[in-house]
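The structure under discussion appears below in the form of C-alpha coordinates.
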2 protein chains.
Amino acid sequence: MQLVEDHCAKTGQDCAHGRTACADCKVRLHSICAALEQDELHALEALSHPTRYGARATLFSQDEPADSVFNVTEGMVRLYKLLPDGRRQIVGFALPGDFLGLALMDRFGVSAEAVGDVSVCRFQRKGFAAYIDTKPHLLRRLHEFAGHELSLAQDQMVLLGRRSAEERVASFLVGLRERLARIGQKSVTLALPMSRQDIADFLGLTIETVSRTMTRLARDKAILIVPDGVRLLRPEHLEAIAAR
Amino acid sequence: MQLVEDHCAKTGQDCAHGRTACADCKVRLHSICAALEQDELHALEALSHPTRYGARATLFSQDEPADSVFNVTEGMVRLYKLLPDGRRQIVGFALPGDFLGLALMDRFGVSAEAVGDVSVCRFQRKGFAAYIDTKPHLLRRLHEFAGHELSLAQDQMVLLGRRSAEERVASFLVGLRERLARIGQKSVTLALPMSRQDIADFLGLTIETVSRTMTRLARDKAILIVPDGVRLLRPEHLEAIAAR
DNA sequence: CGCGCCATTGACTCTGGTCAACGCTAGTGG
DNA sequence: CCACTAGCGTTGACCAGAGTCAATGGCGCG
(Lines give C-alpha, C1' and ligand atoms only; values in the text may rest on other atoms or scores of the structure.)
Protein backbone atom coordinates (compact mmCIF):
# COMPACT_ATOMS: atom_id res chain seq x y z
CA MET A 1 0.00 0.00 0.00
CA GLN A 2 3.04 2.19 -0.19
CA LEU A 3 2.06 3.66 -3.49
CA VAL A 4 -1.39 4.46 -2.32
CA GLU A 5 -0.10 6.48 0.55
CA ASP A 6 2.32 8.28 -1.74
CA HIS A 7 -0.51 9.21 -4.02
CA CYS A 8 -2.54 10.50 -1.16
CA ALA A 9 0.31 12.64 0.01
CA LYS A 10 0.90 13.95 -3.49
CA THR A 11 -2.69 14.74 -4.33
CA GLY A 12 -3.94 15.85 -0.96
CA GLN A 13 -7.06 13.79 -1.50
CA ASP A 14 -9.00 12.23 1.30
CA CYS A 15 -7.73 8.73 0.64
CA ALA A 16 -8.80 5.48 2.23
CA HIS A 17 -5.66 4.37 3.99
CA GLY A 18 -5.72 0.76 5.01
CA ARG A 19 -8.10 -0.04 2.18
CA THR A 20 -8.02 -3.58 0.87
CA ALA A 21 -5.86 -4.14 -2.19
CA CYS A 22 -7.29 -4.74 -5.66
CA ALA A 23 -6.77 -8.46 -5.17
CA ASP A 24 -9.34 -8.37 -2.39
CA CYS A 25 -11.62 -5.86 -4.10
CA LYS A 26 -15.23 -6.89 -3.61
CA VAL A 27 -16.39 -5.35 -6.87
CA ARG A 28 -13.44 -6.35 -9.04
CA LEU A 29 -15.34 -9.03 -10.92
CA HIS A 30 -18.12 -6.58 -11.75
CA SER A 31 -15.77 -3.80 -12.80
CA ILE A 32 -13.48 -3.32 -15.76
CA CYS A 33 -10.74 -4.89 -13.62
CA ALA A 34 -12.19 -8.36 -14.19
CA ALA A 35 -10.43 -8.27 -17.57
CA LEU A 36 -7.00 -8.07 -15.93
CA GLU A 37 -4.41 -10.69 -15.08
CA GLN A 38 -2.68 -10.68 -11.72
CA ASP A 39 0.33 -8.65 -12.91
CA GLU A 40 -1.84 -6.20 -14.83
CA LEU A 41 -3.97 -5.71 -11.76
CA HIS A 42 -0.87 -4.70 -9.86
CA ALA A 43 0.17 -2.30 -12.59
CA LEU A 44 -3.24 -0.64 -12.58
CA GLU A 45 -3.28 -0.56 -8.81
CA ALA A 46 -0.07 1.46 -8.96
CA LEU A 47 -1.96 4.07 -10.99
CA SER A 48 -5.01 4.14 -8.74
CA HIS A 49 -5.84 6.71 -6.10
CA PRO A 50 -8.37 5.21 -3.72
CA THR A 51 -10.57 8.09 -2.64
CA ARG A 52 -13.61 8.58 -0.45
CA TYR A 53 -16.31 11.22 -0.79
CA GLY A 54 -18.87 12.24 1.78
CA ALA A 55 -22.58 12.56 1.01
CA ARG A 56 -23.35 15.27 -1.55
CA ALA A 57 -19.68 15.74 -2.47
CA THR A 58 -18.97 16.60 -6.11
CA LEU A 59 -16.75 14.14 -7.97
CA PHE A 60 -16.70 16.29 -11.09
CA SER A 61 -18.79 18.80 -12.99
CA GLN A 62 -20.14 19.05 -16.50
CA ASP A 63 -17.81 20.74 -19.05
CA GLU A 64 -14.88 20.69 -16.66
CA PRO A 65 -11.63 19.18 -18.03
CA ALA A 66 -11.69 15.44 -17.41
CA ASP A 67 -8.42 15.02 -15.54
CA SER A 68 -9.58 11.89 -13.76
CA VAL A 69 -11.63 8.80 -14.41
CA PHE A 70 -13.24 6.72 -11.68
CA ASN A 71 -14.10 3.20 -10.75
CA VAL A 72 -16.87 3.18 -8.14
CA THR A 73 -16.19 0.64 -5.39
CA GLU A 74 -18.77 1.59 -2.78
CA GLY A 75 -21.87 3.75 -2.52
CA MET A 76 -23.96 5.48 -5.17
CA VAL A 77 -23.21 8.39 -7.49
CA ARG A 78 -25.79 10.51 -9.28
CA LEU A 79 -24.91 11.65 -12.79
CA TYR A 80 -26.84 14.62 -14.08
CA LYS A 81 -27.08 17.44 -16.53
CA LEU A 82 -28.44 20.89 -15.82
CA LEU A 83 -30.26 23.25 -18.15
CA PRO A 84 -29.33 26.94 -17.92
CA ASP A 85 -32.51 27.68 -15.95
CA GLY A 86 -31.75 25.04 -13.35
CA ARG A 87 -33.90 22.17 -14.55
CA ARG A 88 -32.03 18.96 -13.83
CA GLN A 89 -32.06 15.58 -15.53
CA ILE A 90 -30.34 12.72 -13.75
CA VAL A 91 -29.00 10.49 -16.51
CA GLY A 92 -28.01 7.65 -14.22
CA PHE A 93 -27.09 6.35 -10.81
CA ALA A 94 -23.65 4.73 -10.72
CA LEU A 95 -23.25 1.69 -8.48
CA PRO A 96 -20.19 -0.23 -7.29
CA GLY A 97 -18.39 -1.66 -10.32
CA ASP A 98 -19.49 1.18 -12.59
CA PHE A 99 -16.91 3.27 -14.38
CA LEU A 100 -17.17 7.05 -14.66
CA GLY A 101 -15.59 8.83 -17.59
CA LEU A 102 -15.49 5.87 -19.89
CA ALA A 103 -15.80 8.00 -22.97
CA LEU A 104 -12.26 9.16 -22.12
CA MET A 105 -13.14 12.54 -23.57
CA ASP A 106 -11.40 15.82 -22.76
CA ARG A 107 -14.30 17.17 -20.77
CA PHE A 108 -17.02 15.60 -18.68
CA GLY A 109 -20.41 15.56 -20.32
CA VAL A 110 -22.23 15.27 -17.02
CA SER A 111 -21.79 16.20 -13.38
CA ALA A 112 -21.32 13.57 -10.67
CA GLU A 113 -22.20 13.80 -6.99
CA ALA A 114 -21.97 11.26 -4.19
CA VAL A 115 -25.46 10.30 -3.01
CA GLY A 116 -24.27 8.93 0.33
CA ASP A 117 -20.68 8.13 1.26
CA VAL A 118 -18.79 6.86 -1.76
CA SER A 119 -15.49 5.10 -2.38
CA VAL A 120 -13.80 5.10 -5.76
CA CYS A 121 -10.57 4.20 -7.44
CA ARG A 122 -9.55 7.38 -9.16
CA PHE A 123 -7.06 7.47 -12.04
CA GLN A 124 -5.34 10.28 -13.88
CA ARG A 125 -7.08 10.14 -17.22
CA LYS A 126 -3.86 10.54 -19.21
CA GLY A 127 -2.07 7.83 -17.29
CA PHE A 128 -5.08 5.55 -17.52
CA ALA A 129 -5.43 6.16 -21.25
CA ALA A 130 -1.73 5.47 -21.74
CA TYR A 131 -2.01 2.22 -19.82
CA ILE A 132 -5.02 1.20 -21.83
CA ASP A 133 -3.13 1.72 -25.05
CA THR A 134 -0.80 -1.06 -23.93
CA LYS A 135 -3.66 -3.40 -23.01
CA PRO A 136 -6.14 -3.81 -25.86
CA HIS A 137 -8.25 -6.29 -23.92
CA LEU A 138 -8.77 -3.65 -21.23
CA LEU A 139 -9.96 -1.21 -23.89
CA ARG A 140 -12.20 -3.97 -25.16
CA ARG A 141 -13.63 -4.34 -21.67
CA LEU A 142 -14.11 -0.60 -21.40
CA HIS A 143 -15.88 -0.65 -24.73
CA GLU A 144 -18.19 -3.40 -23.51
CA PHE A 145 -19.04 -1.20 -20.57
CA ALA A 146 -19.74 1.68 -22.92
CA GLY A 147 -22.03 -0.54 -24.95
CA HIS A 148 -23.88 -1.49 -21.82
CA GLU A 149 -24.19 2.14 -20.75
CA LEU A 150 -25.53 3.03 -24.16
CA SER A 151 -28.10 0.28 -23.90
CA LEU A 152 -29.24 1.56 -20.50
CA ALA A 153 -29.42 5.07 -21.91
CA GLN A 154 -31.65 3.86 -24.74
CA ASP A 155 -33.95 2.09 -22.31
CA GLN A 156 -34.15 5.32 -20.35
CA MET A 157 -35.07 7.20 -23.53
CA VAL A 158 -38.01 4.85 -24.01
CA LEU A 159 -39.01 5.39 -20.40
CA LEU A 160 -38.79 9.17 -20.65
CA GLY A 161 -40.37 9.45 -24.06
CA ARG A 162 -43.16 6.90 -23.95
CA ARG A 163 -44.02 5.66 -20.49
CA SER A 164 -46.62 6.82 -17.97
CA ALA A 165 -45.69 7.93 -14.47
CA GLU A 166 -46.70 4.61 -12.96
CA GLU A 167 -44.70 2.69 -15.55
CA ARG A 168 -41.68 4.88 -14.90
CA VAL A 169 -41.71 4.30 -11.16
CA ALA A 170 -42.31 0.55 -11.48
CA SER A 171 -39.60 0.31 -14.11
CA PHE A 172 -37.21 2.25 -11.92
CA LEU A 173 -37.73 -0.03 -8.94
CA VAL A 174 -37.46 -3.22 -10.95
CA GLY A 175 -34.45 -1.95 -12.86
CA LEU A 176 -32.61 -0.92 -9.73
CA ARG A 177 -33.31 -4.28 -8.14
CA GLU A 178 -31.89 -6.03 -11.19
CA ARG A 179 -28.74 -3.95 -11.17
CA LEU A 180 -28.21 -4.58 -7.47
CA ALA A 181 -28.82 -8.29 -7.97
CA ARG A 182 -26.16 -8.41 -10.65
CA ILE A 183 -23.57 -7.06 -8.24
CA GLY A 184 -24.57 -9.57 -5.63
CA GLN A 185 -27.06 -7.57 -3.58
CA LYS A 186 -30.18 -9.62 -4.12
CA SER A 187 -32.98 -8.51 -1.84
CA VAL A 188 -36.69 -7.80 -1.95
CA THR A 189 -36.08 -4.78 0.24
CA LEU A 190 -34.60 -2.10 -1.93
CA ALA A 191 -32.52 0.66 -0.37
CA LEU A 192 -33.26 4.05 -1.92
CA PRO A 193 -30.47 6.28 -0.65
CA MET A 194 -31.38 9.02 -3.12
CA SER A 195 -34.06 11.61 -2.40
CA ARG A 196 -37.50 11.76 -4.00
CA GLN A 197 -36.24 14.76 -5.91
CA ASP A 198 -33.45 12.62 -7.35
CA ILE A 199 -35.91 9.93 -8.39
CA ALA A 200 -38.15 12.58 -9.95
CA ASP A 201 -35.25 14.12 -11.87
CA PHE A 202 -34.24 10.67 -13.07
CA LEU A 203 -37.73 9.74 -14.23
CA GLY A 204 -38.65 13.08 -15.78
CA LEU A 205 -41.39 13.65 -13.21
CA THR A 206 -41.98 15.96 -10.24
CA ILE A 207 -41.42 14.99 -6.66
CA GLU A 208 -45.18 15.11 -6.05
CA THR A 209 -45.93 12.69 -8.86
CA VAL A 210 -43.28 10.26 -7.63
CA SER A 211 -44.70 10.47 -4.13
CA ARG A 212 -48.28 9.98 -5.26
CA THR A 213 -47.35 7.09 -7.53
CA MET A 214 -45.41 5.30 -4.80
CA THR A 215 -48.31 5.85 -2.41
CA ARG A 216 -50.68 4.31 -4.94
CA LEU A 217 -48.37 1.30 -5.47
CA ALA A 218 -48.23 0.90 -1.70
CA ARG A 219 -52.03 1.12 -1.41
CA ASP A 220 -52.27 -1.60 -4.08
CA LYS A 221 -49.92 -3.73 -1.96
CA ALA A 222 -47.34 -3.89 -4.74
CA ILE A 223 -44.72 -2.28 -2.53
CA LEU A 224 -44.25 -1.39 1.11
CA ILE A 225 -42.63 1.94 1.80
CA VAL A 226 -40.01 1.67 4.54
CA PRO A 227 -37.51 4.24 5.81
CA ASP A 228 -34.94 4.93 3.08
CA GLY A 229 -36.33 2.30 0.76
CA VAL A 230 -39.16 0.07 -0.38
CA ARG A 231 -39.96 -3.59 -0.07
CA LEU A 232 -41.16 -5.13 -3.30
CA LEU A 233 -44.19 -7.15 -2.23
CA ARG A 234 -45.24 -8.18 -5.72
CA PRO A 235 -42.25 -7.77 -8.02
CA GLU A 236 -44.04 -9.68 -10.77
CA HIS A 237 -46.82 -7.11 -10.63
CA LEU A 238 -44.29 -4.30 -10.93
CA GLU A 239 -42.70 -6.02 -13.91
CA ALA A 240 -46.11 -6.29 -15.52
CA ILE A 241 -46.69 -2.56 -15.00
CA ALA A 242 -43.22 -1.77 -16.31
CA ALA A 243 -44.10 -3.82 -19.39
CA ARG A 244 -40.68 -5.09 -20.31
CA MET B 1 -14.44 -4.72 -56.76
CA GLN B 2 -14.23 -8.44 -57.27
CA LEU B 3 -14.83 -9.15 -53.62
CA VAL B 4 -17.89 -7.00 -53.51
CA GLU B 5 -19.50 -8.88 -56.31
CA ASP B 6 -18.62 -12.20 -54.71
CA HIS B 7 -20.19 -11.07 -51.48
CA CYS B 8 -23.31 -9.95 -53.25
CA ALA B 9 -23.66 -13.28 -54.95
CA LYS B 10 -23.10 -15.12 -51.69
CA THR B 11 -25.48 -13.07 -49.57
CA GLY B 12 -28.16 -12.31 -52.10
CA GLN B 13 -28.16 -8.72 -50.89
CA ASP B 14 -29.03 -5.80 -53.09
CA CYS B 15 -25.45 -4.60 -53.43
CA ALA B 16 -24.15 -1.44 -54.99
CA HIS B 17 -22.13 -2.76 -57.88
CA GLY B 18 -19.76 -0.24 -59.29
CA ARG B 19 -19.64 1.62 -55.99
CA THR B 20 -16.59 3.76 -55.39
CA ALA B 21 -13.81 2.16 -53.37
CA CYS B 22 -13.06 3.13 -49.76
CA ALA B 23 -10.25 5.36 -50.98
CA ASP B 24 -12.84 7.54 -52.69
CA CYS B 25 -15.44 7.22 -49.94
CA LYS B 26 -17.06 10.58 -49.31
CA VAL B 27 -17.76 9.87 -45.65
CA ARG B 28 -14.52 8.14 -44.79
CA LEU B 29 -13.12 11.04 -42.81
CA HIS B 30 -16.30 11.21 -40.73
CA SER B 31 -16.49 7.48 -40.14
CA ILE B 32 -14.42 5.07 -38.08
CA CYS B 33 -12.34 4.51 -41.22
CA ALA B 34 -10.56 7.82 -40.71
CA ALA B 35 -8.41 6.00 -38.16
CA LEU B 36 -7.01 3.68 -40.82
CA GLU B 37 -3.83 3.74 -42.89
CA GLN B 38 -3.92 2.99 -46.60
CA ASP B 39 -3.13 -0.72 -46.20
CA GLU B 40 -5.56 -1.14 -43.32
CA LEU B 41 -8.26 0.50 -45.37
CA HIS B 42 -7.71 -2.12 -48.04
CA ALA B 43 -7.87 -4.91 -45.49
CA LEU B 44 -11.14 -3.60 -44.10
CA GLU B 45 -12.49 -3.05 -47.57
CA ALA B 46 -11.92 -6.74 -48.21
CA LEU B 47 -14.26 -7.50 -45.30
CA SER B 48 -16.93 -5.01 -46.34
CA HIS B 49 -20.18 -5.78 -48.11
CA PRO B 50 -21.45 -2.58 -49.70
CA THR B 51 -25.22 -2.81 -49.52
CA ARG B 52 -28.18 -0.65 -50.45
CA TYR B 53 -31.59 -0.58 -48.83
CA GLY B 54 -34.76 0.94 -50.20
CA ALA B 55 -37.01 3.25 -48.20
CA ARG B 56 -38.54 1.58 -45.12
CA ALA B 57 -36.31 -1.49 -45.46
CA THR B 58 -35.26 -3.15 -42.22
CA LEU B 59 -31.51 -3.34 -41.60
CA PHE B 60 -31.97 -5.31 -38.39
CA SER B 61 -34.41 -5.82 -35.55
CA GLN B 62 -34.22 -5.54 -31.80
CA ASP B 63 -33.13 -8.74 -29.96
CA GLU B 64 -32.12 -10.44 -33.18
CA PRO B 65 -28.59 -11.95 -33.23
CA ALA B 66 -26.16 -9.26 -34.35
CA ASP B 67 -24.49 -11.02 -37.24
CA SER B 68 -23.57 -7.80 -38.98
CA VAL B 69 -22.41 -4.31 -38.14
CA PHE B 70 -22.82 -1.33 -40.44
CA ASN B 71 -21.15 1.83 -41.55
CA VAL B 72 -23.72 4.21 -43.04
CA THR B 73 -22.42 5.87 -46.19
CA GLU B 74 -25.55 7.46 -47.61
CA GLY B 75 -29.08 8.22 -46.48
CA MET B 76 -30.69 8.16 -43.06
CA VAL B 77 -31.53 5.28 -40.72
CA ARG B 78 -34.01 5.40 -37.88
CA LEU B 79 -33.12 3.47 -34.74
CA TYR B 80 -35.98 2.63 -32.44
CA LYS B 81 -37.31 0.51 -29.66
CA LEU B 82 -40.87 -0.78 -29.36
CA LEU B 83 -42.87 -1.43 -26.22
CA PRO B 84 -45.02 -4.60 -26.19
CA ASP B 85 -48.16 -2.54 -26.84
CA GLY B 86 -46.68 -0.88 -29.90
CA ARG B 87 -45.55 2.45 -28.50
CA ARG B 88 -42.36 3.42 -30.27
CA GLN B 89 -39.38 5.49 -29.19
CA ILE B 90 -36.88 6.48 -31.84
CA VAL B 91 -33.53 6.64 -30.07
CA GLY B 92 -31.66 8.20 -32.95
CA PHE B 93 -31.33 8.96 -36.63
CA ALA B 94 -28.10 7.62 -38.11
CA LEU B 95 -26.44 9.74 -40.79
CA PRO B 96 -23.60 9.04 -43.22
CA GLY B 97 -20.46 8.27 -41.21
CA ASP B 98 -22.40 6.77 -38.31
CA PHE B 99 -21.70 3.25 -37.21
CA LEU B 100 -24.46 0.80 -36.31
CA GLY B 101 -23.80 -1.98 -33.85
CA LEU B 102 -20.84 -0.37 -32.18
CA ALA B 103 -21.51 -2.08 -28.90
CA LEU B 104 -20.44 -5.27 -30.72
CA MET B 105 -22.90 -7.18 -28.57
CA ASP B 106 -24.45 -10.54 -29.42
CA ARG B 107 -27.87 -9.08 -30.09
CA PHE B 108 -29.13 -5.75 -31.34
CA GLY B 109 -30.61 -3.55 -28.66
CA VAL B 110 -32.64 -1.55 -31.16
CA SER B 111 -34.25 -1.95 -34.56
CA ALA B 112 -32.99 -0.09 -37.62
CA GLU B 113 -34.93 0.95 -40.72
CA ALA B 114 -33.94 2.94 -43.76
CA VAL B 115 -35.80 6.26 -43.83
CA GLY B 116 -35.20 6.85 -47.54
CA ASP B 117 -32.76 4.97 -49.74
CA VAL B 118 -29.67 4.03 -47.76
CA SER B 119 -26.19 2.77 -48.56
CA VAL B 120 -24.01 1.07 -46.00
CA CYS B 121 -20.81 -0.88 -45.66
CA ARG B 122 -21.88 -4.04 -43.93
CA PHE B 123 -19.44 -6.31 -42.09
CA GLN B 124 -19.79 -9.73 -40.53
CA ARG B 125 -19.62 -8.90 -36.88
CA LYS B 126 -17.26 -11.76 -36.05
CA GLY B 127 -14.88 -10.92 -38.85
CA PHE B 128 -15.01 -7.25 -37.96
CA ALA B 129 -14.40 -7.98 -34.28
CA ALA B 130 -11.48 -10.21 -35.19
CA TYR B 131 -9.97 -7.51 -37.37
CA ILE B 132 -10.40 -4.95 -34.62
CA ASP B 133 -8.53 -7.15 -32.20
CA THR B 134 -5.50 -6.76 -34.45
CA LYS B 135 -5.89 -2.97 -34.68
CA PRO B 136 -6.17 -1.36 -31.26
CA HIS B 137 -6.34 2.15 -32.72
CA LEU B 138 -9.44 1.13 -34.65
CA LEU B 139 -11.03 -0.10 -31.42
CA ARG B 140 -10.01 3.19 -29.89
CA ARG B 141 -11.79 5.01 -32.70
CA LEU B 142 -14.85 2.82 -32.24
CA HIS B 143 -14.77 3.62 -28.55
CA GLU B 144 -14.63 7.34 -29.30
CA PHE B 145 -17.72 6.88 -31.43
CA ALA B 146 -19.42 5.05 -28.57
CA GLY B 147 -18.55 7.91 -26.23
CA HIS B 148 -20.05 10.36 -28.66
CA GLU B 149 -23.20 8.26 -29.01
CA LEU B 150 -23.50 8.10 -25.26
CA SER B 151 -23.20 11.85 -25.04
CA LEU B 152 -25.96 12.30 -27.63
CA ALA B 153 -28.11 9.83 -25.71
CA GLN B 154 -27.65 11.83 -22.52
CA ASP B 155 -28.61 15.04 -24.27
CA GLN B 156 -31.71 13.28 -25.53
CA MET B 157 -32.55 12.17 -22.00
CA VAL B 158 -32.50 15.82 -20.90
CA LEU B 159 -34.72 16.69 -23.84
CA LEU B 160 -37.21 13.92 -23.12
CA GLY B 161 -37.24 14.36 -19.38
CA ARG B 162 -37.15 18.09 -18.92
CA ARG B 163 -37.95 20.09 -22.04
CA SER B 164 -41.23 21.50 -23.34
CA ALA B 165 -42.64 20.61 -26.74
CA GLU B 166 -41.37 23.84 -28.28
CA GLU B 167 -37.89 23.33 -26.82
CA ARG B 168 -37.82 19.78 -28.14
CA VAL B 169 -38.71 20.75 -31.68
CA ALA B 170 -36.29 23.69 -31.74
CA SER B 171 -33.54 21.53 -30.25
CA PHE B 172 -34.22 18.82 -32.80
CA LEU B 173 -33.92 21.20 -35.74
CA VAL B 174 -30.78 22.89 -34.43
CA GLY B 175 -29.20 19.57 -33.49
CA LEU B 176 -29.87 18.02 -36.87
CA ARG B 177 -28.44 21.06 -38.61
CA GLU B 178 -25.27 20.79 -36.51
CA ARG B 179 -24.85 17.12 -37.28
CA LEU B 180 -25.32 17.72 -40.99
CA ALA B 181 -22.88 20.62 -40.87
CA ARG B 182 -20.25 18.39 -39.30
CA ILE B 183 -20.46 15.97 -42.22
CA GLY B 184 -20.17 18.80 -44.68
CA GLN B 185 -23.82 19.52 -45.45
CA LYS B 186 -24.08 23.06 -44.21
CA SER B 187 -27.36 24.64 -45.21
CA VAL B 188 -30.09 26.81 -43.77
CA THR B 189 -32.61 24.63 -45.55
CA LEU B 190 -32.89 21.44 -43.62
CA ALA B 191 -34.11 18.28 -45.37
CA LEU B 192 -36.45 16.27 -43.16
CA PRO B 193 -36.77 12.94 -44.95
CA MET B 194 -38.45 11.35 -41.93
CA SER B 195 -42.19 11.60 -41.31
CA ARG B 196 -43.86 13.72 -38.65
CA GLN B 197 -44.59 10.48 -36.84
CA ASP B 198 -40.87 9.73 -36.77
CA ILE B 199 -40.10 13.17 -35.36
CA ALA B 200 -42.84 12.73 -32.77
CA ASP B 201 -41.52 9.32 -31.74
CA PHE B 202 -38.03 10.77 -31.47
CA LEU B 203 -39.11 13.73 -29.36
CA GLY B 204 -41.52 11.87 -27.12
CA LEU B 205 -44.49 13.83 -28.50
CA THR B 206 -47.50 13.11 -30.69
CA ILE B 207 -47.68 13.91 -34.35
CA GLU B 208 -50.27 16.60 -33.63
CA THR B 209 -48.05 18.38 -31.13
CA VAL B 210 -45.11 18.32 -33.54
CA SER B 211 -47.31 19.72 -36.27
CA ARG B 212 -48.78 22.45 -34.10
CA THR B 213 -45.37 23.42 -32.76
CA MET B 214 -43.84 23.67 -36.21
CA THR B 215 -46.80 25.71 -37.37
CA ARG B 216 -46.30 28.09 -34.44
CA LEU B 217 -42.57 28.41 -35.17
CA ALA B 218 -43.46 29.15 -38.79
CA ARG B 219 -46.05 31.74 -37.73
CA ASP B 220 -43.36 33.37 -35.58
CA LYS B 221 -41.13 33.46 -38.66
CA ALA B 222 -38.47 31.33 -36.97
CA ILE B 223 -38.76 28.69 -39.67
CA LEU B 224 -40.33 28.29 -43.07
CA ILE B 225 -41.96 24.96 -43.77
CA VAL B 226 -41.07 23.68 -47.24
CA PRO B 227 -41.81 20.35 -48.90
CA ASP B 228 -39.82 17.62 -47.09
CA GLY B 229 -37.99 20.06 -44.88
CA VAL B 230 -37.75 23.43 -43.21
CA ARG B 231 -35.74 26.56 -43.77
CA LEU B 232 -34.29 27.98 -40.60
CA LEU B 233 -35.07 31.69 -40.86
CA ARG B 234 -33.79 32.62 -37.42
CA PRO B 235 -31.47 29.87 -36.24
CA GLU B 236 -30.27 32.03 -33.34
CA HIS B 237 -33.86 32.28 -32.15
CA LEU B 238 -34.22 28.51 -32.32
CA GLU B 239 -31.00 28.09 -30.35
CA ALA B 240 -32.36 30.47 -27.74
CA ILE B 241 -35.55 28.43 -27.45
CA ALA B 242 -33.56 25.21 -27.30
CA ALA B 243 -31.58 26.80 -24.45
CA ARG B 244 -28.29 25.05 -24.95
C1' DC C 1 -60.80 11.14 -61.32
C1' DG C 2 -60.74 9.04 -57.06
C1' DC C 3 -58.28 6.81 -53.45
C1' DG C 4 -55.11 6.73 -49.66
C1' DC C 5 -51.65 8.63 -46.92
C1' DC C 6 -49.83 12.20 -44.41
C1' DA C 7 -50.10 16.65 -42.29
C1' DT C 8 -52.80 20.23 -40.29
C1' DT C 9 -56.30 22.13 -37.44
C1' DG C 10 -59.98 22.29 -33.97
C1' DA C 11 -62.53 20.80 -29.82
C1' DC C 12 -62.23 18.54 -25.82
C1' DT C 13 -59.91 15.52 -22.20
C1' DC C 14 -56.68 14.10 -18.96
C1' DT C 15 -52.26 13.16 -17.00
C1' DG C 16 -49.06 15.16 -14.59
C1' DG C 17 -47.46 19.91 -13.00
C1' DT C 18 -48.06 23.81 -9.78
C1' DC C 19 -49.05 25.84 -5.57
C1' DA C 20 -49.99 25.37 -0.93
C1' DA C 21 -50.75 23.14 3.52
C1' DC C 22 -49.41 19.78 6.64
C1' DG C 23 -46.80 16.05 9.03
C1' DC C 24 -42.85 13.58 10.36
C1' DT C 25 -38.18 13.16 11.81
C1' DA C 26 -33.66 14.60 13.06
C1' DG C 27 -30.91 17.89 14.81
C1' DT C 28 -30.28 22.02 17.98
C1' DG C 29 -30.32 24.65 21.86
C1' DG C 30 -32.48 26.23 26.07
C1' DC D 1 -36.07 16.68 28.59
C1' DC D 2 -38.64 19.21 25.57
C1' DA D 3 -39.62 23.22 22.42
C1' DC D 4 -38.21 24.81 18.12
C1' DT D 5 -36.69 24.58 13.49
C1' DA D 6 -35.36 22.91 8.96
C1' DG D 7 -35.73 19.64 5.49
C1' DC D 8 -38.08 16.14 3.25
C1' DG D 9 -42.12 13.70 2.00
C1' DT D 10 -47.10 13.41 1.57
C1' DT D 11 -51.54 15.07 0.36
C1' DG D 12 -55.08 18.11 -1.63
C1' DA D 13 -57.00 21.56 -4.89
C1' DC D 14 -56.51 23.49 -9.03
C1' DC D 15 -54.31 24.31 -13.59
C1' DA D 16 -52.15 23.78 -18.03
C1' DG D 17 -49.56 21.51 -21.55
C1' DA D 18 -49.81 17.88 -24.27
C1' DG D 19 -52.77 13.91 -25.70
C1' DT D 20 -56.99 12.16 -27.94
C1' DC D 21 -60.45 12.12 -31.19
C1' DA D 22 -62.31 13.79 -35.26
C1' DA D 23 -62.72 16.52 -39.45
C1' DT D 24 -60.42 18.56 -43.26
C1' DG D 25 -56.88 19.58 -46.64
C1' DG D 26 -53.15 18.59 -49.87
C1' DC D 27 -50.52 15.66 -52.65
C1' DG D 28 -49.00 11.65 -55.13
C1' DC D 29 -50.36 7.61 -57.43
C1' DG D 30 -53.05 4.25 -59.77
Side-chain angles (χ1 to χ4, degrees), chain A residues 54-56 78 83 85-90 113 115-116 159-173 190-220 223-230 241 243, chain B residues 54-56 78 83 85-90 113 115-116 159-173 190-220 223-230 241 243:
Chain A
R56 290 176 305 283
R78 63 177 155 256
L83 289 177
D85 63 2
R87 282 174 288 176
R88 183 178 69 155
Q89 177 66 40
I90 291 185
E113 281 173 10
V115 174
L159 181 146
L160 293 170
R162 287 296 177 228
R163 291 173 118 103
S164 70
E166 187 172 54
E167 290 171 336
R168 294 182 199 201
V169 172
S171 193
F172 167 67
L173 295 175
L190 204 55
L192 296 178
M194 74 292 278
S195 71
R196 289 289 189 272
Q197 186 65 64
D198 286 341
I199 299 175
D201 286 350
F202 182 54
L203 299 180
L205 300 170
T206 59
I207 188 173
E208 292 93 334
T209 299
V210 171
S211 184
R212 275 189 256 269
T213 305
M214 303 245 294
T215 302
R216 193 172 329 120
L217 288 174
R219 205 173 45 235
D220 297 348
I223 63 174
L224 180 68
I225 298 173
V226 299
D228 299 316
V230 296
I241 293 173
Chain B
R56 289 175 306 283
R78 64 178 154 255
L83 290 176
D85 63 2
R87 281 175 288 177
R88 183 178 70 156
Q89 177 66 41
I90 291 184
E113 281 174 9
V115 173
L159 181 146
L160 293 170
R162 288 295 176 228
R163 293 176 116 106
S164 70
E166 187 172 55
E167 290 171 336
R168 293 183 200 201
V169 171
S171 191
F172 167 67
L173 295 176
L190 204 57
L192 297 178
M194 74 291 278
S195 69
R196 290 288 190 272
Q197 186 65 65
D198 287 339
I199 298 175
D201 287 349
F202 182 55
L203 299 181
L205 300 170
T206 59
I207 187 173
E208 292 94 333
T209 298
V210 170
S211 185
R212 277 188 256 269
T213 305
M214 302 245 294
T215 302
R216 194 172 329 121
L217 288 173
R219 204 173 46 235
D220 298 347
I223 63 173
L224 179 68
I225 298 173
V226 299
D228 300 314
V230 296
I241 292 173

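The sequence lines fix the lettering, A, B, ..., with proteins before strands; numbering per chain opens at 1. Model, not experiment: these values are computed from the prediction.
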Nearest-0.5 Å distance that lies between atom CG in Leu205(B) and atom CD in Gln197(B): 11.0 Å
First and last nucleotide of DNA chain D, 5' to 3', lying under 4.0 Å from heavy atoms of chain A: dG9(D) to dA13(D)
If a protein heavy atom is under 4.0 Å from the base, mark B; if only from the sugar-phosphate, S; if neither, -; do that for nucleotides 3-11 of chain C going 5' to 3'. ----SBBBB
Pairing residues for Leu224(B) by the side chain to side chain contact (heavy atoms under 4.5 Å, CB included) criterion, not counting sequence neighbours: Val226(B), Arg231(B), Leu233(B)
Provide the closest heavy-atom pair for Ile225(A) versus Met214(A) in the form atom of the first, atom of the second, distance. CD1-O, 3.9 Å
Restricting to side chain to side chain contact (heavy atoms under 4.5 Å, CB included), what partner residues turn up for Asp228(A), sequence neighbours left out? none
Is there a side-chain contact between Leu217(A) and Ile241(A) (heavy atoms, below 4.5 Å)? yes
Partner set under side chain to side chain contact (heavy atoms under 4.5 Å, CB included) for Glu113(B), not counting sequence neighbours: Thr58(B), Arg78(B), Tyr80(B)
Residues at least two apart in sequence or cross-chain that pass ring-ring contact (aromatic ring centres under 6.0 Å, His included) with Phe202(B), listed by chain then number, are Phe93(B), Phe172(B)
